[in-house]
Amino acid sequence: MASEITGAQALVNALEDSGVDVMFGIPGGAILPAYDPIFDSKIRHILVRHEQGAGHAATGYAQVTGRVGVCIATSGPGATNLVTPIADAQMDSVPLVAITGQVPSAAIGTDAFQEADIRGITMPITKHNYLITDPAQIPRAIAEAFYIASSGRPGPVLVDIAKDALQKMTSYNYPKKLNLLGYNPQIEPNSEAIRDAASLIAQSSKPIFYIGGGVIKANAAKELLVLAELVGAPVVTTLMARGAFPDSHSQHLGMPGMHGTVAAVTGLQKADLLITLGARFDDRVTGKLSTFAPNAKIIHADIDPAEIGKNRYADVPIIGDLGPIIKALIPAVKVEFAKNKADITSWWKQMNSLRQKYPLGYNEPSDGSLSPQYVIERIGAITGPDGIYVAGVGQHQMWASQFVKYEKPRTWLNSGGLGTMGYAVPAAMGAKVGAPDTPVWAIDGDGCFQMTNQELVTCALNDIPIKVAVINNESLGMVRQWQTLFYKERYSNTDLHSKRIPDFAKLAEAMGCVGLRCESKGDVDKIIKEANAINDAPVVVDFGVHRDAMVWPMVAAGTSNDDILIAKEMAPDWDSQEL
Amino acid sequence: MAQHTLSVLVENSPGVLARVASLFSRRGYNIDSLAVGPTESPEISRITIVLNLEGHALDQVSAQLFKLVNVIGIQEMEDKNSHQRELLMVKVNSAGDNRSKIEAVVGKYRASIVSQASASLTIEAIGSSAEIAALLGELTSFGIKELVQSGLIALENGDATLAERTLQETGLASSSTHSQTEDYQN
Ligand SMILES: Cc1ncc(C[n+]2csc(CCOP(=O)(O)OP(=O)(O)O)c2C)c(N)n1
Ligand SMILES: [Mg+2]
C-alpha cells in the first residue's frame, strides 16, 4: 500500500490526475494547507487579485479550450467572492470546478472566523457541490467534480474542503470508476425522434435553424454546417452561439433576440418550423413568449431534458449530445428528402428582402465624435476571425456581437445568461492563458472595466498580454439607453464621468500595461494596429466615444418580437413585405 | 387535477433534502406535504412529495428534480395503482358531553384514542388524505387544541418496486458500479 500523504497533497494529486494544467486563485487560512503542495506541483497557479477574477478567468479558459476551468479560494470571503462567477458559469453552462477551503470540521456551524456555508450558498447556482470533511474522500470528490462539470450539460461544481481534512493523513487512490447512481446523461438520441424531426424538416416550407450555445459546447459546428447546407434553411445564432455558424455564410441571418437583426427576429416569428439545436427559448430571444413564433412547430434538441418544454412546447424533443444528434439527422434528412422536399424558395425570397432592406448598421454621430460601433467593427476587421473577442455587459457587448464578424466557434466569449458586468477582463485573461498564441481582445465598457480591471496586474505580472478596448461613453450606456427610451431621458445615476476620472491610460500604465487613447476616427485603425503589435505586455485602449449611441434593432423587454424597432419609434415597413 | 404525489429515491447523502427543498423554492413549486425516510437500502432514502402544481407541468418538475445529481429515480404515485397514507395526531377538547360523541367519530373512522386527560382526548388516525380530512372535519366542532400531521407516504401496488424500475430505466440495474467513462479526466 502506498504511503500516507496529507489531504492537501491528495487534493493536488487528484487535480493533476484530472488533467489540470492551470488554476486561478488566492490563498488564505483555510485553504493554506493546499497551497504548500501547490508550490511544488506542475500545475500552473495564477495568483489573481480578486477571487471573482479567478472564477471568470477559469470560465474564459474553459470557454476557449473546452476543458474544465479551475479556481481556488479560501473560506468565508474568498468563497463568497466566487459566488458571482459560479452563478455566471451556471447560467452559461460552463464547465468549472471551484475549490474552497472551509473552517476545520469541528468549527463548522459555530460561526467561526471566516466561516461561510458556501455549499449552502452555492446549492442553487451549481450543477453539484460537495463539503468534504474526510481526507479519504478528496480524490473521489475531485474526480466526480470534473466528470460532472464536463459531461452532460456542462456546469460549475464546487468542492468545499475542511481545513483539517487537508491536514490529516490519508492514502491516495484516484478512482478509476465513478459510481454516480443518479447521474447518467443521455448522449445518443432516440432514433424515432430523429426520424420524426427529419420528416418535419422535409415537410416544412418555412424552416429556420435556431442555434444556441449548446452547439459550441458539443463541438458540433462542423456537423451543423453540413446539416444546414443540406437543409438549405436560414440560420440564426443566439448571443451564446455567435461563431457556431460562419457569419460570412449566405444562409446566416445573424443574431435573434432583443438586439437581433430584423431578418433573424422575423425569421423566427414567421417560420413554420424551428430546428432548435442547443438553445433554450430564453426570454431575451423569445420576447413575449405567448407571441413567439406563433405558427411554428418546434424541434428541440438538447442534452438537458429539463429544457424540453420548459418555456415552449416541443413537437419533437430530441435528448442527447448535439454531435451525435446532428450526425444522425444528416442521413435521416437525406432519406426524407429523397421522398419529398418542400419548396423553400419563396421563404428565402422573404428573408432575403428583409436582410437587404434592414441590414445591421449605425449612424455616425453628427458632431464628429467617435462612433462606438465603428471602433468595434474595426477591431474585428483588423484583428480578423482568428482573434478571440471577450465582451463585458452593456451596449458595447451587443455591438461586439453585432459588428465583429465571427467565423469560428470559441472566438466569442460573453456573459449571456447572468449578464455579469466585470466579466470581460478576467475572462479575457483566462482565454489568453488557454490560447496563448491567439490575440485576445476584451471589448469592455467604461462601467464594466471599473469592476474588475485589477486583473490587469495579474496579466502584466504573469505574461498574459491581453488587449482591452474600453468603449468609453462615460456612462452606464445600456441603462442610459433604457432611460432614454422608457424614463423620459431622466438619467438617474448613469453618468460615470469617465472621460474625466479615471484616466484609463494612466491607470493601465500604473498596472504595468501599455495605455493608449483614441478619440478620432482617423486614428482608430492606427491605434488598433499598434495595440495588435504589442505582445509583451497587456494593452488598454481608452476609446472616447459618443455617449448617445444606441443599440438597434430592439425588442423592448416583455413585448412581442413583432414589435421590433429599428430605431427610436421606428418599426420596419411591414406593409411593403409580403409576409 | 393540480395535486400530484411523487416518490423520489435519493442518495442518502448530507444536504440532499436541502437540495430538493431549494429546487422547489427557487422554481416556485408548491409543496403540500413532504415525508423523508429510510428505505430497504441503507444508501438510499425516499422522499414522498405531494405537490400542488398550478401553472407547472409535472414533466418539467420531474425533469428539474432529476437534474439533481443525488436524485436516483422518480415516479408519480397515482391513487389507482398505489397505497397512500398519512398519519394524524390530534388533541380534541373533551369537555362536557363531548367525550362520547368523539368516541363515536373515532369509531366511525377506525381511529384510536391514544391518551386521555381531564379536558382532552388525543386521537391517532392513519388514512388517505381524504379520510384524514373528513375525520378532521368532524372533530373541528369539538374544538381542536393541537394537531400534528405527517406527510403522505405511498407505495406502488403489485410486484414492481421503484428501485428496480428506476435502476432499469437508467441502465444501472445490472451492476451497481456502472462503468462511468474513464475519460472524465480533463
Ligand atoms: C454586476 C452588474 N451590475 C449591474 C448591471 C446592470 N447593467 C447592465 S448594463 C449596465 C451598464 C454597463 O455600462 P458600461 O460597462 O459602461 O457599458 P455600456 O453599456 O456603456 O457599453 C449596467 C449597470 C449588470 N449587468 N451587472
Ligand atoms: Mg459605458
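Lettering of chains follows the sequences in order, A, B, ..., and the numbering in each one begins at 1.
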B:A18 portion near chain A, given a 4.5 angstrom heavy-atom threshold: both
For chain A, the option from B:Q64, B:R19, B:E11 that forms the most heavy-atom pairs under 4.5 Å: B:R19
Minimum-distance pair of heavy atoms, taken over all atoms of A:M123 and B:G15: CE-O, 3.9 Å
Other residues, nucleotides, ligands: >12 heavy atoms within 6.0 Å of B:I153 CD1: no
Looking at OG of B:S13 and CG of A:L131, how far apart are the two atoms once the value is rounded to the nearest 0.5 Å? 11.5 Å
Proximal component of B:L68, with respect to chain A [non-hydrogen, under 4.5 Å]: backbone
Counting a contact as any heavy-atom pair under 4.5 Å apart, which residues of residues 303-314 of chain A contact chain B? A:D304, A:P305, A:A306, A:I308, A:G309, A:K310
Chain A contact via B:V69 - which portion, at a heavy-atom distance below 4.5 Å: both
Has B:R110 got more than 12 heavy atoms of other residues, nucleotides or ligands less than 6.0 Å from its CZ? no
Quick one: pull up CG in A:L181 and CG in B:L9 and give me the separation to the nearest 0.5 Å. 10.0 Å
